[in-house]
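First the structure, in the form of structure tokens, and then the observations on it.
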Amino acid sequence: GKWLGDRVKALAIDTGSKDEIDRDIAYFLTSGGRAQGHPVMVISYETFRLHAHVLHKHEVGLVVCDEGHRLKNADSQTYQALMALKTKRRILLSGTPIQNDLLEYYSLAECVNPGLLGTVSEFRRRFETPILTGRDATATDKEQQLGAERLTEMGQLVNRCIIR
């Protein structure tokens, strides 16, 4: 309640046996928890991953992921479980700068706005390859120009869903 006081009550899923946690999540998702004044469920990435099978059975209105930079690996179990959630709205929060790995950047953009940068292969062909080629010390002027153009294009696309 630091910011919202008693206006919003959160249900923290952080203790209990596997069956108890599954039960609490299922109760929350079937409106029992939300109807009792708990419209927000707080769950760690680890607990989420272990109980994703319960969360995947129901639609979730909004998912807010703190420490969003932890989702930079599209092959991780947590990322895969998150992407399988039935939700139309995802927000990633992070105070950590995103590093210069374009595929990790793609994974984060894909998480909040699926399809924005195309498929992985389309992203690599349209953005990653020209950008990296253009940054290489042996790049021609034409390759450098194309890389810069694609970096600008990618920036314009992702800036529609990123607040800095």
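Please read all numbers here as calculations on a predicted model, not as lab measurements. Side chains are part of it too, since the values below use all heavy atoms of this structure and drop only hydrogens, waters and symmetry mates.
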Check this for me: does any side-chain nitrogen of one of D22 and K18 sit under 4.0 Å from a carboxylate oxygen of the other? yes
Does N113 use its side chain to pair, donor to acceptor, with the backbone of A109 at less than 3.5 Å? no
With side chains defined as the heavy atoms from C-beta onward, is the minimum distance between M154 and L117 less than 4.5 Å? yes
ILVMFWY cluster, L157 and L146 together (side-chain gap under 4.5 Å): no
Polar side chain donor-acceptor pair, T119 to S121, under 3.5 angstrom: yes
Does any part of the side chain of L85, heavy atoms only, come nearer than 4.5 Å to the side chain of H56, both counted from C-beta? yes
Apply side-chain contact (heavy atoms from CB on, under 4.5 Å) to D14 and S44, showing your working. CA-CA 7 Å; D14 58 354; S44 71; over 6 Å; no
Do NZ/NE/NH1/NH2 and the carboxylate oxygens of E46 and R70 come within less than 4.0 Å? yes
E143 side, atom CD; L132 side, atom CG - distance, nearest 0.5 Å: 12.0 Å
Single-linkage hydrophobic cluster L50~V60, side-chain heavy atoms < 4.5 angstrom: no
If I take atom CG from residue D24 and atom OG1 from residue T47, how far apart are they, to the nearest 0.5 angstrom? 11.5 Å
Is a side-chain N or O of S94 found less than 3.5 angstrom from the main chain of E67, in a donor-acceptor match? no
Would you please test L102 and F127 for side-chain contact (heavy atoms from CB on, under 4.5 Å) and show each step? CA-CA 9 Å; L102 289 173; F127 297 109; 6.0 Å; no
Is the closest side-chain heavy-atom distance between Q144 and T140 below 4.5 Å? no
Calculate, to the nearest 0.5 Å, the distance between atoms CE and OG1 belonging to M83 and T78 respectively. 13.5 Å
Would M41 and I25 count as a side-chain contact (heavy atoms from CB on, under 4.5 Å) here? Give the steps. CA-CA 8 Å; M41 178 174 54; I25 293 170; 4.1 Å; yes
Got L55 and F48 here, is their nearest side-chain heavy-atom distance under 4.5 Å? yes
So E153 and R126, do their side chains get closer than 4.5 Å, heavy atoms only? yes
pair T87-E59: side-chain heavy atoms closer than 4.5 Å: no
Determine whether R90 and P114 make a side-chain contact, defined as any pair of heavy atoms from C-beta on separated by less than 4.5 Å. yes
Quick check for you: to the nearest 0.5 Å, what is the distance between C65 atom SG and I43 atom CD1? 11.0 Å
Main-chain N/O of A74 paired to Q80 side chain as donor or acceptor, under 3.5 Å: yes
Evaluate whether atom CD of Q77 has more than 12 neighbouring non-hydrogen atoms of other residues, nucleotides or ligands under 6.0 angstrom away. no
On a heavy-atom basis, the closest approach of A52 and A81 is CB-CB, 3.8 Å
Taking T129 for the side chain and R125 for the main chain, is one N or O donor matched with an acceptor at less than 3.5 Å? no
Applying side-chain contact (heavy atoms from CB on, under 4.5 Å) to R49 and Y79, what does each step give before you reach the verdict? CA-CA 9 Å; R49 188 182 67 249; Y79 185 93; over 6 Å; no
Shortest non-hydrogen separation from E110 to L116 and the atoms involved: OE1-N, 4.4 Å
Single-linkage hydrophobic cluster, 4.5 Å side-chain cutoff, I91 and V42 together: no
Single-linkage hydrophobic cluster L103~L71, side-chain heavy atoms < 4.5 angstrom: yes
Search all heavy atoms of V54 against all heavy atoms of A26 and return the closest pair with its distance. CG1-N, 3.8 Å
How far apart are the C-alpha atoms of D136 and T138, what are their side-chain angles, what is the distance that settles it, and do they pass the side chain to side chain donor-acceptor pair (under 3.5 Å) test? CA-CA 5 Å; D136 191 272; T138 62; 2.5 Å; yes
Short side-chain to backbone donor-acceptor contact, Y106 and E128, under 3.5 Å: no
Same cluster for L93 and Y105 if Ile/Leu/Val/Met/Phe/Trp/Tyr side chains link at under 4.5 Å? no
Please examine the side chains of H58 and T30, heavy atoms only from C-beta on, and report whether any two atoms are closer than 4.5 Å. yes
Heavy atoms only: give me the nearest G68-L92 pair and the separation to one decimal. CA-CB, 4.2 Å
